[in-house]
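Below is one structure, written out as structure tokens; the observations come after it.
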There are 2 protein chains.
Amino acid sequence: MSEDSTFAVTVDLVVLTVRDEELSALLVRRGVPPHEGCWALPGGFVHLDEDLVDAAIRELTEETGVADPAGHLEQLGSYGTPGRDPRGRVVTVAYLALLPDLPTPVAGSDAAQAQWRSVSELSDSELAFDHDQILADGVERARAKLEYTPLAAAFCPPEFTIAQLRAVYETVWNTRLDPRNFHRKVTGTPGFLAPVGRATEGDRGRPAQLFHRGPASLLYPPMLRPPTG
Amino acid sequence: MSEDSTFAVTVDLVVLTVRDEELSALLVRRGVPPHEGCWALPGGFVHLDEDLVDAAIRELTEETGVADPAGHLEQLGSYGTPGRDPRGRVVTVAYLALLPDLPTPVAGSDAAQAQWRSVSELSDSELAFDHDQILADGVERARAKLEYTPLAAAFCPPEFTIAQLRAVYETVWNTRLDPRNFHRKVTGTPGFLAPVGRATEGDRGRPAQLFHRGPASLLYPPMLRPPTG
DNA sequence: TGAATAGTGTCTCTTAGACACTATTTA
DNA sequence: TAAATAGTGTCTAAGAGACACTATTCA
């Protein structure tokens, strides 16, 4: 082996969900130094015989108590600037998870506390290490991916209505979309949605058809965000 | 430090250019085991006090002899499956570089040989380690990014014509684009191109206006690839 | 019945794509 | 002059956005 191998490798997770009209991230309060008492992204050291994505799944399960429901997990990027961790040279591989709003979300084992926090209400430099930057990158990735993939459905339960899907777009993009044009658009994009054949019951108003995720992995044509400004 | 820190961290580079109507990648022939004699992506170990992107820039300079001309460099992703390197647990952070076709490209120091290879003519499993996968991911990233960023210009010299830019799109996407519609499209997208004010000389046909990269970092509306199939 | 939400129809404006045409150079 | 390449104009079809209207439920 090379003499350069004095690195530690961790995974950190940007876990996003939509709840109460807010895009929210799962944060944990650190119980040990460094940054003891600070909020941070969930994560931990990669085991020596463990694949990176498996480490991310393990941490996700440990922190949320769920074994990957109908969500989405992808690699976000790596952060390894010298000095980002006072304990030594630590390279972290960040993962982005998109989950439906969970009934009983946070059931951590390691973390002293874990909590959903609204992304828009987090101030800069509130998180430990460089986790502000990682979170911001994850949020931007999620926003961009809603445009050209069907990943908005990853924020929804397995069966969802078009209004629920629209609420995801509106929350993540912090914008308003015309319900009627949105309906035409998503039902007209091949592979985006697969009809369940049933409708909601018991709500106010006309019942809505239920859908699950369609087979498409890319949207064509994409759902472009309204230009900002 | 944690007892998990028996990792080595490397950077590997997917260096792409457009030359002779082909999307080409810079490959080096390995001079030492493992995979001695095989073609591989340029790369090497990250120094202990060195930022990841600086390691990538250093390797790029060492292998190409150029200190980042007018190109583009971004992180592609990390690959760390146990067993991907027989020497031990090695996590590599891959970077994607897009460069103009260089006059005197390959002037490696480490590598026994270095060479531009057409991406389409590379067979599967021709590269060492998991570099086939990394290269494929880099090519797909480049193809996708031409749609919604002005990065096609990174494949061009500092001053270029619209026909050169179109040739980049056609080569990377392996498709044909209507020259007249392409011209209208790129000149009509704000921030994509900045006119130099001069024209080419000495070619056949009417001289073409020269442009350099505009200030935009995102194209709106995007340049969508024609749907395949 | 009215309020509320789901879903369709229609119009307009913008853009993509096809392609005729003009402009400016070299041979 | 012809050949070649650059660049514009125009038509058509498709999609986005605005918004009137119909449909189906609960209170």
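Naming: A, B, ... by sequence-line order, numbering from 1 per chain.
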Under a criterion of less than 4.0 angstrom to any heavy atom of chain B, what are the 5'-terminal and 3'-terminal contacting nucleotides of DNA chain D? D/dA4 to D/dT10
A/Gln209 near the nucleic acid: base, sugar-phosphate alone, or nothing, with a heavy-atom cut-off under 4.0 Å? sugar-phosphate
Close side-chain approach of A/Thr149 to A/Leu218, heavy-atom, < 4.5 Å: yes
Would you indicate what B/Ala163 reaches in the nucleic acid, counting non-hydrogen atoms under 4.0 angstrom: base, sugar-phosphate, or nothing? sugar-phosphate
Within the 4.0 Å heavy-atom criterion, would you say B/Arg204 contacts the bases, only the backbone, or no part of the nucleic acid? sugar-phosphate
Assign each of A/Arg206 and B/Thr161 to its nearest nucleotide of DNA chain D by heavy atoms, then name whichever residue's nucleotide is nearer the 5' end. B/Thr161
Do B/Tyr79 and B/Asp137 get their side chains close enough for a donor-acceptor pair, meaning under 3.5 Å? yes
Give the minimum heavy-atom separation between A/Leu27 and A/Leu127, together with the two atoms involved. CD1-CD2, 3.8 Å
Does B/Asn174, at its CG atom, have more than 12 non-hydrogen atoms belonging to other residues, nucleotides or ligands within less than 6.0 Å? no
A/Glu201 CD - C/dT5 P separation (whole Å): 18 Å
Under 4.5 Å between any side-chain heavy atoms of A/Leu60 and A/Leu99, yes or no? yes
Return the value, rounded to whole Å, for the distance between atom CD of A/Gln164 and atom P of C/dT5. 14 Å
If you pin B/Asp178 and B/Met223 to their nearest nucleotides in DNA chain C, which one's is more 5'? B/Met223
Given atom CG of A/Leu224 and atom P of C/dC13, what is their separation to the nearest angstrom? 21 Å
Whole angstroms only, please: what is the CG-P distance between B/Leu177 and C/dG17? 9 Å
side-chain hydrogen bond (donor to acceptor under 3.5 Å, both in side chains) with B/Glu159: of B/His212, B/Arg198, B/Gln164, only one passes, and it is B/Arg198
